[in-house]
Amino acid sequence: MAYNTLEVTKEGGVCIIKLNRPKALNALCNELTMELAQALAKLEADDKIGCVILTGSEKAFAAGADIKELQEGTFLGMYEHDVFGLYWEAVARFRKPIIAAVAGYALGGGCEIAMMCDFIIAADNAKFGQPEINLGVMPGAGGTQRLTRAVGKAKAMDMCLTGRMMKAPEAHACGLVSRVVALDELMETAMDAAGKIAHQSRPIAMMTKEAVNTAFETTLTQGIHFERRLFQSMFSTEDQKEGMAAFAEKRTPHFTHK
Ligand code: CAA
């Protein structure tokens, strides 16, 4: 399927979704988020795909929601169209592993979409921020919640109230991103990580993602209970048998996703 605002390519078990509105620094307009939700729905159903990389251009991952689309918005219009709920949440709800490979600006909704991914690999020119306060609004796609969980109250307040940008080393130091690499190594690093994930057992990788995400939704006792039950359930899979047999036989496991 051809998209107007995305480039979608597949390599082995990995799919790369490139946000592609370069003239608007990948501002997340309605069409783009709708296409992104459509692409993710297809990938979720695609048995060949084990991991997705979401990326942008070297200058901008995404400079936020499309301000020109939003500026004449009304409360009722936004409520009726479930703005930032309907399509955007598709990234957070995506069940397979998804990595954000971020170069350049990841601002406002751009930072929020990156945070909806499972982890962020940043190029050394990446800049993160929640500058919505400069527009007379505040983050509306999870910024006040996910950023706070990722970096803690002090830094989240600083970012959301001042609207300042954070460069890659600071984002790494405070735990917003998992790795920082040179710009020209960004996609190679992301592909290497995604390729490793795609080679694992698909249901086990998906359950692992589910378990980590549960840490943000429950108490520690409930989270540990959920983890233990998932762990026990993995012993009903062929991939558990294969993974442990391969270790004992000193060979590479061949997972069949069953
Ligand atoms: N929405 C719509 N268009 C945008 C945009 C956005 N978020 N960000 C950039 N653009 C457009 C610009 O209007 C400009 O278009 P024209 O050439 O037609 O004028 C083009 O992209 C290039 O942008 P600049 O000329 O501004 O580029 P720059 O290099 O001088 O500055 C920037 C880059 C600092 C990222 C600046 O563009 C900027 O501050 N962008 C807005 C960032 C922002 O406020 N994001 C939050 C949006 S609200 C939101 O996201 C709400 C939410 O919680 C989901």
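One-based numbering, in listed order, for ligands and for the atoms of each.
Distance alone, capped at 3.5 Å, is enough to place a donor-acceptor pair between the Glu112 side chain and the Ala141 backbone.
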**Message:** Using side chain to side chain contact (heavy atoms under 4.5 Å, CB included), reason through Ile204 and Thr208 one step at a time and then give a plain yes or no.
**Reply:** CA-CA 6 Å; Ile204 301 298; Thr208 304; 4.1 Å; yes

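Listed by chain and number, the residues in a side chain to side chain contact (heavy atoms under 4.5 Å, CB included) with Ala103 are Ala123, Asn125, Leu183, Leu186 (sequence neighbours excluded).
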Expected rows: ligand 1 N/O, protein N/O, dist below 3.5 Å:
{"residue": "ligand 1", "atom": "1 (N)", "partner": "Ala65", "partner atom": "O", "Å": "3.4"}
{"residue": "ligand 1", "atom": "1 (N)", "partner": "Ile67", "partner atom": "N", "Å": "2.9"}
{"residue": "ligand 1", "atom": "7 (N)", "partner": "Ala63", "partner atom": "O", "Å": "3.0"}
{"residue": "ligand 1", "atom": "7 (N)", "partner": "Ala65", "partner atom": "O", "Å": "2.9"}
{"residue": "ligand 1", "atom": "13 (O)", "partner": "Lys68", "partner atom": "NZ", "Å": "2.8"}
{"residue": "ligand 1", "atom": "15 (O)", "partner": "Lys68", "partner atom": "NZ", "Å": "3.4"}
{"residue": "ligand 1", "atom": "21 (O)", "partner": "Lys23", "partner atom": "O", "Å": "3.4"}
{"residue": "ligand 1", "atom": "29 (O)", "partner": "Lys59", "partner atom": "NZ", "Å": "3.0"}
{"residue": "ligand 1", "atom": "45 (N)", "partner": "Ala63", "partner atom": "O", "Å": "3.0"}
{"residue": "ligand 1", "atom": "50 (O)", "partner": "Ala65", "partner atom": "N", "Å": "2.9"}
{"residue": "ligand 1", "atom": "50 (O)", "partner": "Gly109", "partner atom": "N", "Å": "2.8"}
{"residue": "ligand 1", "atom": "53 (O)", "partner": "Glu112", "partner atom": "OE1", "Å": "2.7"}
{"residue": "ligand 1", "atom": "53 (O)", "partner": "Glu132", "partner atom": "OE2", "Å": "2.8"}
{"residue": "ligand 1", "atom": "53 (O)", "partner": "Gly140", "partner atom": "N", "Å": "2.8"}

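Hydrophobic clustering, with ILVMFWY side chains joined whenever heavy atoms are under 4.5 angstrom apart, keeps Leu40 apart from Ile99.
When all heavy atoms are compared, the tightest approach of Ala101 to Ala190 is CB-CB, 4.0 Å. Residues Ala60 and Asn26 come closest through the heavy atom pair O-ND2, 3.0 Å.
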